[in-house]
Amino acid sequence: MTDPVRLHGYRYSVYNRIARLALHCKGVRYETAEVNPFAELSADYLRLHPFGLVPVLSHGTFSLFETGAITRYVDRAFDGPSLHPETPVGLARMDQLIAVIDHYGYWPMVRQVFAQSVFQPLDGQAPDTDEIASGLEKSSKVLAFLDGVADEGQILNGSAITLADCHLAPMMDYFVRAEEGKTALRAYHALSRWWDQVSELEMLKVTDPLPTRDN
Ligand SMILES: N[C@@H](CCC(=O)N[C@@H](CS)C(=O)NCC(=O)O)C(=O)O
């Protein structure tokens, strides 16, 4: 009997979806526990994640937060297809890409462009257009970097799925649901080709938190 795997996460969280993608790619069976990090968190949850974010992965008595650590753990701890390149250069590129989207991509692409252009109106609120413009401006350097990586082909090559695809896809999916994001992506041809291929994969469809998308 294997130890149970549980993912504590929020259904709309891109980081939760990154962990789900890695678990899905490895074929790991897991249960989910819904935690809204924007609401008041229980003392039990704060013991699992003292910084009060999602997700947290538990595997038996072992628990882990920080999505990059979670997905690397999932890749190493479970059978199933490898989710990392084999060469030092490919691995370095994957680690670099994950750091870039965490540090420079998430906020402008998701919390500025997507949140203002898509989520605010869904919530009956007017979007803050200055925030969208600022997010687009900050996203442009990130998109240019990602386009170069896709063009180089070590990772984001649309064939061998790695943790880089798992990390980037949920953020790109939210970004292009904003018309402004969809338009911005078109200028980056290698990255657009990557997205055209990856957005059709089953792994994205089964983890889609907003299944009404039309892109
Ligand atoms: N560095 C964290 C980031 C996780 C993160 O930002 N999660 C967001 C949801 S996508 C969250 O919990 N936000 C709650 C908040 O900002 O208060 C990780 O890699 O897991």
Side-chain angles (χ1 to χ4, degrees), residues 5-26 28 30-59 62-77 83-84 91 94-120 122-123 125 128 131-132 134-135 138-139 142 145-146 155 162-178 181 203-204 206-211 213:
V5 177
R6 170 179 286 212
L7 185 67
H8 305 256
Y10 181 49
R11 73 183 63 218
Y12 300 116
S13 153
V14 288
Y15 282 100
N16 184 52
R17 192 175 184 197
I18 293 166
R20 291 184 65 207
L21 284 171
L23 289 161
H24 176 84
C25 288
K26 297 297 275 192
V28 178
Y30 65 99
E31 47 188 62
T32 57
E34 188 71 6
V35 176
N36 179 352
F38 301 101
E40 197 170 331
L41 293 164
S42 68
D44 280 351
Y45 187 74
L46 288 170
R47 269 190 285 281
L48 289 176
H49 198 320
F51 302 98
L53 301 179
V54 291
V56 171
L57 183 87
S58 311
H59 184 196
F62 176 62
S63 91
L64 188 64
F65 63 85
E66 279 305 301
T67 308
I70 291 172
T71 58
R72 286 176 179 94
Y73 174 74
V74 167
D75 189 24
R76 292 164 187 164
L83 297 177
H84 57 270
L91 274 170
M94 180 182 89
D95 289 345
Q96 182 193 29
L97 179 134
I98 290 172
V100 166
I101 48 188
D102 279 350
H103 294 301
Y104 314 115
Y106 168 66
W107 198 267
M109 292 172 71
V110 176
R111 296 295 288 272
Q112 292 185 285
V113 176
F114 168 76
Q116 288 299 329
S117 179
V118 180
F119 222 82
Q120 284 282 97
L122 279 180
D123 210 23
Q125 317 257 3
D128 179 336
E131 200 64 11
I132 296 174
S134 152
K138 293 196 190 98
S139 299
V142 178
F145 165 76
L146 297 172
I155 54 169
T162 71
L163 298 179
D165 299 271
C166 296
H167 226 86
L168 178 56
M171 299 202 198
M172 189 61 78
D173 190 8
Y174 271 4
F175 183 66
V176 300
R177 287 183 208 221
M203 68 181 200
L204 279 208
V206 300
T207 57
D208 190 345
L210 299 168
R213 73 190 168 131

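As the structure lists them, so they are numbered: ligands from 1, and atoms in each ligand from 1. For this chain, numbers begin at 1 and follow the sequence in order.
In terms of the ring-ring contact (aromatic ring centres under 6.0 Å, His included) criterion, residue partners of His49 (sequence neighbours excluded) are, by chain and number, Phe65.
For the pair Arg72 and Asp75, the salt-bridge criterion is not met [side-chain N within less than 4.0 Å of a carboxylate O].
At a heavy-atom cutoff of 4.0 Å, ligand 1 is surrounded by Ser13, Val14, Tyr15, Pro37, Phe38, Leu53, Val54, Pro55, Glu66, Thr67, Tyr106, Arg111.
Residues Leu57 and Leu23 are in side-chain contact: their nearest non-hydrogen atoms beyond the backbone lie under 4.5 Å apart.
Not less than 6.0 angstrom separates the ring centroid of Tyr174 from the ring centroid of Phe119.
Between Asn36 and Tyr12, the side chains place no donor N or O within less than 3.5 Å of an acceptor N or O (distance only, hydrogens not considered).
The number of heavy atoms from other shown groups lying within 6.0 Å of OH (Tyr30) is above 12.
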